[in-house]
Amino acid sequence: MASPIVQYVVVRSDLLRSLSWPVGAVIAQACHACTAAIHRFRDDSDVCKYTDELATMHKIVLEIQDETALRALAAALDENKVDHHLWLEQPENVATAIACKPYPRSEVQKHFKKLKLFK
C-alpha cells in the first residue's frame with residue numbers, strides 16, 4: 001500500500017507560551033504557511049493528488065521551541081531538498097511557521113520525528 005500523502009506543518013510554540021500571541025494569530029501563521037506551500041508547489045504531482053481529494057487531506061501540525069530552531073529546521077529541509085515554505089510575518093520579518101508541500105509520509109517523516117504534536 002502506498003504511503004499516505006500528508007502535509008507537515010511546524011509552528012513555534014513560544015508564540016503562545018512566552019510571547020503571549022492570541023491563539024487565532026498563531027493558527028493564522030500555520031494557515032499562511034500551508035497556503036503559501038500549496039500555491040508555490042501547485043504543479044507538483046503530490047500536491048495535485050492531495051488537493052484532488054479534499055475530503056481526505058491530512059495535516060500533521062507539530063511544535064518547535066522558537067525562531068532559532070524553526071530557521072534551523074528550514075535550513076535542514078533545504079539541505080535535504082524537502083520543498084517547504086517558511087512563513088515570515090511582516091512587517092517584522094519574523095519566522096513563525098513552516099509548511100512542507102504535501103509528500104508521501106514515508107518520504108519526509110524522518111525530518112520531523114523529534115518534534116511533538118502542537119498542543
Contact check, side chains of [X] and [Y], non-hydrogen atoms, under 4.5 Å:
| X | Y | value |
| --- | --- | --- |
| Val6 | Gln109 | no |
| Tyr8 | Leu62 | yes |
| His58 | Pro4 | no |

* Asked: Who else is in Tyr50's hydrophobic cluster (ILVMFWY, side-chain heavy atoms under 4.5 Å, direct or via others)?
  -> Ile5, Ile38, Phe41, Val47, Leu54, Met57
* To do: For atom CD of Glu53, decide whether the heavy atoms of other residues, nucleotides or ligands shown that lie under 6.0 angstrom number more than 12.
  => no
* Structure fact -> Rounding to 0.5 Å, atoms OG1 (Thr68) and CZ (Arg12) come to a distance of 8.0 Å
* Asked: Which distance, rounded to the nearest 0.5 Å, do you find between the NZ of Lys59 and the SG of Cys34?
  -> 5.0 Å
* Asked: If two hydrophobic side chains count as joined below 4.5 Å and joins carry through other members, does Phe118 share a cluster with Ile60?
  -> no
* Do Phe112 and Val61 belong to the same hydrophobic cluster, where Ile, Leu, Val, Met, Phe, Trp and Tyr are linked whenever their side-chain heavy atoms lie under 4.5 Å apart, directly or via other members? -> no
* Check the pair Leu88 / Val94 against side-chain contact (heavy atoms from CB on, under 4.5 Å), numbers first and verdict last. => CA-CA 5 Å; Leu88 300 175; Val94 173; over 6 Å; no
* To do: Considering only NZ, NE, NH1 and NH2 on the basic side and carboxylate oxygens on the acidic side, decide whether Lys101 and Asp46 come within less than 4.0 Å.
  => yes
* Pair Arg17 + Glu63, salt bridge at N-O below 4.0 Å -> yes
